[in-house]
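First the structure, in the form of structure tokens, and then the observations on it.
Ligands are counted one by one from 1 in listed order, and the atoms in each one are counted from 1 as well. Below, all heavy atoms of this structure are taken into account, side chains as well, without hydrogens, waters or symmetry copies. Small disclaimer: the values here were computed from a predicted structure and weren't measured.
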Amino acid sequence: MNTLRQVFCIPLLFNSLVWSGYLENDQDVLIPEDWTDVGRVEPSEELELIFALKQQNVQLLEETLGLLSDPDSAQYGKYLSLEEVASLVRPSELTQKMVRHWLQSHGISNCLTVHTQDFLQCTMTAEAAEMLLPGSRFHRYTRDGHSIVRSSAPYSVHDDIHQHLDFVGGLHRVPPRGKDLGKKQRRSKAGLHLGVTPAILRTRYNLTATDVGSAQNNSQAVAQFLEQYYHPADLAEFMKLFGGTFQHLSEVDRVVGTQGGGKAGVEASLDIEYIMSTGANISTWVFTNPGRHESQEPFLQWMVMLSNMSDLPWVHTISYGDDEDSLSTAYMTRINTEFMKAGVRGISLLFASGDSGAGCRHMDKQQNSFRPSFPASSPYVTTVGGTSFKNPFKVTYEVTDYISGGGFSNVFKMPDYQASAVEGYLKTVAATLPPQSYFNTSGRAYPDMAALSDNYWVVINRVPVPWVSGTSASTPVVGGMLSLANGQRLLKGLPTLGFLNPRLYKLKGQGLFDVTEGCHLGCLDEQVQGKGFCAAPSWDPVTGWGTPNYPALLAALLTD
Ligand SMILES: *[C@@H]1O[C@H](CO)[C@@H](O)[C@H](O)[C@H]1NC(C)=O
Ligand SMILES: *[C@@H]1O[C@H](CO)[C@@H](O)[C@H](O)[C@H]1NC(C)=O
Ligand SMILES: *[C@@H]1O[C@H](CO)[C@@H](O)[C@H](O)[C@H]1NC(C)=O
Ligand SMILES: *[C@@H]1O[C@H](CO)[C@@H](O)[C@H](O)[C@H]1NC(C)=O
Ligand SMILES: *[C@@H]1O[C@H](CO)[C@@H](O)[C@H](O)[C@H]1NC(C)=O
């Protein structure tokens, strides 16, 4: 252990030699300051770590996703079962054997695998983990009554194992703080609407009373990772107050994971109440993972779960993100592969674009740049931004919500499906773009579309609460409408929409209300003065292609 700690003092010259055992060189290992280090864990304490085994045929998986999600391909919608995904990506015999042998030689045999055999979740003592992963030192950290166990230093793996693993989960990434779903108080005016409700959304997006789910085998889900819970009684109360005008369900069909007790969270209530309002009368699941074990990464746990369930809802909405620059490329690349595995199964993953506009990263000296967030910046998911009504007291057209996350990835290159749309934007607004040093025009640009994100009513702990805002509101709203479209497709015997982006970008805005006004937040510095990007006609990195005009979008999504 001591010799390994010295490694960090060796000059850069030797890095390629001694760091060869590190799987995640670029992972941020600093625990955010709001967590308190309460000391090293006892050697005998049990940890749960996840080993991401190197998969086969990842290139082929990507090509397959391209074909299955391209409406002009003969393969469109010919989705794979979990079994078929497993035979494609399952790690080689050698990889499986090497990893198991390595674990066993450290006395680690308590492992669960998944259907695709590309993850192993193992229980071991802290002592065994530190022997297995030289460099790791497990500490307990607490914040607001929650505690986690993470390593205070980077881990390495034996050279023989290096090529067989993508990364080990449970050492570094910490759950982000629940977002402040800010309450921007506004004056009221008599006779005009005060905040977004299901009825307001259904009016704005042209959903009629008959636009509710009716297909037998349709389903949708929200996934939550912030130790927040929805309360069934809140959902029931919400639907009693706000669900009067349309046929809906008032109960969740299935909760996967552990629902904690205690107070309901705003975020959790918001997600479930609104996906069930646009995606009305559609069977809805909640994936909730309060981090049953202190050493778990809840988001990763969810990804592992998807690889182990053959029967999943078709649409998942997720309000979760980290700064792209805090995550290792190895981790993000592997998570992208997991997104592809879902996509080839016909599953749509929708992520909130974030609530900090373009974001801001303070680089060295006086230099700032924008700060993309992941998974919003993944080329393999559909990312949803946010808008406000032009007049907050009326159902008017929509403008940018200044918090709407958007920008360009610094890690993932721009996927083909969006190249011409983004090029068009960069040309149109060339004269008014932020300085080039703030963003990377060769990266995956997001969001892909948007919906209202400002000023929602939510029922929490039995009380209706106004002024809830964020892209965690717009994402389930879009997800519900995508589910409705899926339902109509299923009734026609068509496959589900799956990974939507290739099709969405081919529509070139058809079926969407283009958002062309307003800018989102950026760095508060002299150069950009708080401004990121601005909306413009057609696609833009603030609101994507715009917000759904449901009947027109449905027509465009029902053609084949
Ligand atoms: C995956 O599911 C199987 C049962 O189908 C179960 O035995 C196994 O423990 C699960 N794996 C994980 C990681 O939970
Ligand atoms: C949908 O809503 C818009 C604006 O609210 C309206 O102009 C339009 O006529 C509506 N109907 C359709 C089918 O687009
Ligand atoms: C609600 O969905 C069920 C199928 O899950 C369907 O039988 C029923 O007709 C739907 N209700 C309406 C009003 O379409
Ligand atoms: C879809 O239908 C299949 C077969 O009829 C059934 O086993 C499954 O539970 C349904 N899936 C969902 C997610 O509702
Ligand atoms: C810009 O993005 C590309 C990938 O699209 C990446 O290779 C490059 O390093 C990025 N540049 C910066 C300055 O982050």
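- Considering backbone and side-chain N/O of N281, one or more are found under 3.5 Å from N/O of ligand 3.
- Closest to atom 9 (O) of ligand 1 among all protein heavy atoms lies L112 CD2, 3.6 Å.
- Considering each of T396, N206, T203, the one bringing a non-hydrogen atom nearest atom 8 (C) of ligand 2 is N206.
- Within the 4.0 angstrom cut-off, atom 2 (O) of ligand 3 has one or more protein heavy-atom neighbours.
- Near G213, with a cut-off below 4.0 Å to any heavy atom, the atoms of ligand 3 are 1 (C), 2 (O), 10 (C), 14 (O).
- Residue-ligand proximity: F513 is placed with a non-hydrogen atom under 4.0 Å from ligand 2.
- Under 3.5 Å, the side chains of T382 and N501 contain a donor-acceptor pair of N or O atoms.
- Below 30°, between 30° and 60°, or above 60°: for F287 and W302 the angle between ring planes is above 60°, a perpendicular geometry.
- Looking at T113 next to ligand 1, an N or O pair under 3.5 Å apart turns up.
- For the pair R204 and F513, the cation-pi criterion (under 6.0 Å, within 45° of the ring axis) is fulfilled.
- Salt bridge present: D118 and K341 bring a charged side-chain N and a carboxylate O closer than 4.0 Å.
- With distances taken over non-hydrogen atoms, the option nearest atom 14 (O) of ligand 3 out of A215, A280, S214 is S214.
- Within ligand 1, counting atoms from 1 as listed, the ones closer than 4.0 Å to a heavy atom of N308 are 1 (C), 2 (O), 3 (C), 8 (C), 10 (C), 11 (N), 12 (C), 14 (O).
- Protein heavy atom at the shortest distance from atom 7 (O) of ligand 3 is Q216 NE2, 4.0 Å.
- With a 4.0 Å heavy-atom cut-off, ligand 2 is reached by no atom of V395.
- Counting heavy atoms closer than 4.0 Å to ligand 3, residue V212 contributes side-chain atoms (C-beta onward) but none from N, CA, C or O.
- Taking the six-membered ring for Trp and the full ring otherwise, Y456 and Y274 have centroids separated by under 6.0 Å.
- With a 4.5 Å cut-off on side-chain heavy atoms, I318 and L350 do not count as touching.
- Counting only distance, with no hydrogens or angles, the side chain of R345 and the backbone of D311 share no donor-acceptor pair below 3.5 Å.
- Judged by distance alone, with hydrogens and angles left aside, the side-chain atoms of S136 form a donor-acceptor pair with the main-chain N or O of L133 at under 3.5 Å.
- Annotation: cation-pi pair R334/F119 present, NZ/CZ under 6.0 Å from the ring centroid and within 45° of its normal.
- For atom 13 (C) of ligand 3, the closest non-hydrogen atom of the protein is Q247 CG, 3.6 Å.
- A donor-acceptor pair shorter than 3.5 Å cannot be found between the side chains of R100 and T95.
- Counting protein heavy atoms only, atom 5 (O) of ligand 2 is closest to R204 NH1, 4.0 Å.
- Counting protein heavy atoms under 4.0 angstrom from atom 11 (N) of ligand 2 gives one or more.
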